[in-house]
Amino acid sequence: MKQLIRHRFNALNRHDVNELLRDYDIKVESTSPSWDGIHNGVAAQKASYTSSFKSMPNLRYDVGNIYYSGDSVATIEYTTTGTLSHPENETPAYMLGRKFILNNCLILKIKDGKIIKEDLYFDQISFLRQMGFFDQQ
């Protein structure tokens, strides 16, 4: 499990989507405050990471604490930093060029060496504040 987590964050920081996808079970279920509902499967992971890396080319992940529960669950505290340099079509123009720092908590459930479920938690209000959302009239 420690090797999988190390591999995952190394791939994230290299923005290597194909390498990152090796860590997932094909039927992985993922949740995030950024999404409506559950993202199912590796294709959803690929689309999400590809979009993030494109819109924030300097996106970085710094691991803090890792807590293990047996050999199948890991809770990871980490920080993400980045700049919204290439927003997607639906992203408001005022967010262009905005920098952010977020503290995250990720819970991974692992089976047979693959991530079968991941739940990401972060303060969406903090992100929106840093993006200038609350400065708009």
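Counting from 1, the numbers follow the sequence of the chain as shown.
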Can you tell me how far apart [atom1] ([X]) and [atom2] ([Y]) are? Round to the nearest 0.5 Å.
{"X": "S30", "Y": "L108", "atom1": "OG", "atom2": "CG", "value": "9.0 Å"}
{"X": "R14", "Y": "L20", "atom1": "CZ", "atom2": "CG", "value": "9.5 Å"}
{"X": "Q45", "Y": "I26", "atom1": "CD", "atom2": "CD1", "value": "12.5 Å"}
{"X": "T91", "Y": "L84", "atom1": "OG1", "atom2": "CG", "value": "6.0 Å"}
{"X": "R98", "Y": "M131", "atom1": "CZ", "atom2": "CE", "value": "7.0 Å"}
{"X": "N104", "Y": "F127", "atom1": "CG", "atom2": "CZ", "value": "11.0 Å"}

Which atom pair, heavy atoms only, marks the closest approach of [X] to [Y]?
{"X": "P57", "Y": "S85", "result": "CD-CB, 3.8 Å"}
{"X": "Y78", "Y": "L106", "result": "CE2-CB, 3.7 Å"}
{"X": "H39", "Y": "A44", "result": "CB-CB, 3.9 Å"}
{"X": "F134", "Y": "I125", "result": "CE1-O, 3.8 Å"}
{"X": "M1", "Y": "S72", "result": "CE-N, 3.8 Å"}
{"X": "I101", "Y": "Q130", "result": "N-OE1, 2.7 Å"}

Polar side-chain atom of [X] near backbone of [Y] as donor-acceptor pair, under 3.5 Å:
{"X": "S32", "Y": "S34", "result": "yes"}
{"X": "K27", "Y": "V42", "result": "no"}
{"X": "S51", "Y": "A47", "result": "no"}
{"X": "N58", "Y": "T83", "result": "yes"}

**Request:** Count the heavy atoms of every other residue, nucleotide or ligand shown that sit under 6.0 Å from NZ of K46, and state whether that count exceeds 12.
**Result:**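 For K46, atom NZ is not crowded (no more than 12 foreign heavy atoms under 6.0 Å).
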**Message:** Would you say CZ of F100 has more than 12 non-hydrogen atoms from neighbouring residues, nucleotides or ligands within 6.0 angstrom?
**Reply:**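 Counting neighbours around CZ of F100, more than 12 heavy atoms of other residues, nucleotides or ligands fall under 6.0 Å, so yes.
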**Prompt:** Would you say the side chain of D119 lies within less than 4.5 Å of the side chain of E29, judging by non-hydrogen atoms?
**Reply:**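 When only atoms from C-beta onward are counted, D119 and E29 do not touch, as no gap falls below 4.5 Å.
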**Item:** Non-hydrogen side-chain atoms of T79 and N103 separated by less than 4.5 Å
**Value:**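 Heavy-atom side-chain distance check passes, below 4.5 Å.
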**Request:** Name all pairs fulfilling the salt bridge (charged side-chain N to carboxylate O under 4.0 Å, His left out) condition that reach into residues 60-74, sequence neighbours left out, sorted by first residue then second.
**Result:**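 Qualifying pairs, neighbours excluded: R60-D62.
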Side chains of residues 6-13: which donor-acceptor partners sit under 3.5 Å, not counting sequence neighbours?
unit_1	atom_1	unit_2	atom_2	d
H7	ND1	D23	OD1	2.9
H7	ND1	D23	OD2	2.9
H7	NE2	E19	OE2	2.6
R8	NH1	Y24	OH	2.6
R8	NH2	Y49	OH	3.2
R8	NH2	E118	OE1	3.3
N10	ND2	R6	O	3.3
N13	OD1	Y61	N	2.7
N13	ND2	F9	O	3.4
N13	ND2	Y61	O	2.8

**Item:** Hydrophobic cluster partners of Y67 (side-chain heavy atoms under 4.5 Å)
**Value:**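 Answer for Y67: none, a lone residue.
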